Engineer: 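Handing you a structure now.
Computed from a predicted structure; not experimentally measured.
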Amino acid sequence: MSDRMVDEEPVMVTHTGPKGVINDWRKFKLESMDQEVLPPSKRELLRQMSSPQKPKDGCVGGFNRKMSAQEYELIKEDDEKSLRKYRKQCMQVMHEHLSFGPKFETVYDLDSGEAFLEVIEKEHRLTVVVVHIYKDGVKGCDALNSCMDCLASEYTSVKFCRIRAAATGAGERFSDDVLPTLLVYKAGELLGNFLAVTQHFNEEFFATDVEAFLNEYGLLPVKECGAGAEEDEADVE
């Protein structure tokens, strides 16, 4: 068994039905709370609520009873923040189960026209492929390469690639005045062909500018929520 498999956190298992969802929510809240700052009485109470079981014979204090005022106040406390975290975790698990196609987290360097064609023709039919054709020393190419690195880490379902114009086998078609060029494909079809793409940006541009440009044409999927989004929410609170 690899270290990666050992270190992976187990996927949250949810129960079906209203009672199962409520129990999962209580368990999540218990696990997400700072156990050190909770009074022992509240910690024990929340633990019991997160693992409801049928009462044994002769047990008057079983969980099959109406919720007390103390229990209600405990659940109500910090519910909004905990519920947002719980919902986000559920959505992440659901996304992992429903998402199709491979995941990418980096920019792929293509070294030949054959590699270029293989990416276009053989990539998963649901995968968007963004190819940057560039030349060292041409204005805007280095900056666009840096932007691609940033976007590749944020849009992991998109395959970002780059290739030097001379390596495409059609270098005469990609003269300096049409570089940098962005080509966007999906299922082998060309969706976007942007020659001298930096003409659409300011003198100094960033990954957010490239992202907004591609989104104008509907070429990027919905951005996945990651740790950065969680930190932003926490700052707002």
Side-chain angles (χ1 to χ4, degrees), residues 4 91-92 95-96 98-232:
R4 180 176 178 276
M91 290 297 293
Q92 182 178 357
H95 176 78
E96 291 174 356
L98 298 182
S99 292
F100 297 94
K103 296 294 182 182
F104 315 93
E105 296 181 350
T106 187
V107 179
Y108 292 79
D109 290 293
L110 309 178
D111 56 7
S112 66
E114 289 76 14
F116 175 68
L117 292 176
E118 184 174 355
V119 165
I120 297 171
E121 297 173 354
K122 296 185 178 181
E123 193 50 70
H124 193 282
R125 62 183 181 82
L126 296 179
T127 298
V128 174
V129 180
V130 180
V131 181
H132 175 209
I133 301 177
Y134 71 100
K135 181 180 178 180
D136 293 329
V138 173
K139 185 178 181 180
C141 287
D142 286 344
L144 188 54
N145 273 332
S146 297
C147 294
M148 296 270 284
D149 290 330
C150 294
L151 294 178
S153 64
E154 296 183 5
Y155 292 89
T156 58
S157 63
V158 177
K159 187 166 188 176
F160 290 90
C161 306
R162 56 188 165 219
I163 182 172
R164 288 183 171 84
T168 62
E172 68 280 357
R173 297 185 181 180
F174 298 106
S175 56
D176 293 1
D177 59 326
V178 300
L179 298 179
T181 289
L182 273 186
L183 304 178
V184 184
Y185 297 87
K186 185 176 182 180
E189 295 185 12
L190 181 64
L191 303 181
N193 180 14
F194 306 106
L195 303 177
V197 67
T198 50
Q199 67 181 310
H200 301 284
F201 309 139
N202 295 326
E203 184 75 14
E204 186 178 14
F205 63 93
F206 304 93
T208 52
D209 300 309
V210 180
E211 177 185 27
F213 176 77
L214 293 174
N215 276 327
E216 285 182 12
Y217 292 89
L219 296 174
L220 291 178
V222 177
K223 183 185 292 186
E224 299 176 3
C225 295
E230 293 180 0
E231 292 176 359
D232 291 342

Engineer: Who passes side-chain contact (heavy atoms from CB on, under 4.5 Å) against Lys135, sequence neighbours left out?
Structural biologist: Val138, Asp176, Leu179

Engineer: Would you check if Leu183 and Ile133 make a side-chain contact, meaning some heavy-atom pair closer than 4.5 Å?
Structural biologist: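 With C-beta onward as the side chain, the pair touches.
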
Engineer: Do you know which two heavy atoms are closest between Leu144 and Pro180, and how far apart they sit?
Structural biologist: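 Shortest heavy-atom separation between Leu144 and Pro180 comes out as CD2-CB, 3.7 Å.
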
Engineer: Quick one: list whatever passes side-chain contact (heavy atoms from CB on, under 4.5 Å) with Ile120, sequence neighbours left out.
Structural biologist: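 With sequence neighbours excluded, Ile120 shows a side-chain contact (heavy atoms from CB on, under 4.5 Å) to Phe116, Tyr185, given in chain and number order.
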
Engineer: Are any of the side-chain heavy atoms of Cys161 and His132 separated by less than 4.5 Å?
Structural biologist: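 Counting from C-beta outward, Cys161 and His132 never come under 4.5 Å.
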
Engineer: How long is the gap from SG on Cys147 to CG on Asp142, to the nearest 0.5 Å?
Structural biologist: 11.0 Å

Engineer: State, with a plain yes or no, whether a side-chain heavy atom of Val184 is found less than 4.5 Å away from one of Tyr217.
Structural biologist: no

Engineer: With Thr208, which residues qualify under side-chain contact (heavy atoms from CB on, under 4.5 Å), at least two apart?
Structural biologist: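 Listed in chain order: Phe206, Glu211.
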
Engineer: Measuring from atom SG of Cys141 to atom CZ of Arg162, what distance do you get when rounded to the nearest 0.5 angstrom?
Structural biologist: 11.5 Å

Engineer: Which distance, rounded to the nearest 0.5 Å, do you find between the CG of Asp209 and the CD of Glu204?
Structural biologist: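 CD of Glu204 is found 9.5 Å from CG of Asp209.
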
Engineer: Does anything in residues 193-203 pair up under side chain to side chain donor-acceptor pair (under 3.5 Å), and if so which pairs, sequence neighbours excluded?
Structural biologist: Lys139-Glu203

Engineer: Nearest 0.5 Å, what's the OH-CD1 distance between Tyr134 and Ile163?
Structural biologist: 8.5 Å

Engineer: Which residues pass the ring-ring contact (aromatic ring centres under 6.0 Å, His included) test with Phe201, sequence neighbours left out?
Structural biologist: Phe205, Phe213

Engineer: I need the Glu105 CD to Asp149 CG distance, nearest 0.5 Å.
Structural biologist: 13.0 Å

Engineer: Do Val158 and Leu151 come close enough that some side-chain heavy atom pair is under 4.5 Å?
Structural biologist: no

Engineer: Who pairs with Ser175 by side-chain contact (heavy atoms from CB on, under 4.5 Å), at least two apart in sequence or on another chain?
Structural biologist: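 Here the qualifying residues are Asp177, Val178.
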
Engineer: Rounded to the nearest 0.5 Å, how far does NE2 of His124 lie from NZ of Lys186?
Structural biologist: 10.5 Å

Engineer: Mind checking whether Phe194 and Leu219 have side chains closer than 4.5 Å, heavy atoms only?
Structural biologist: yes

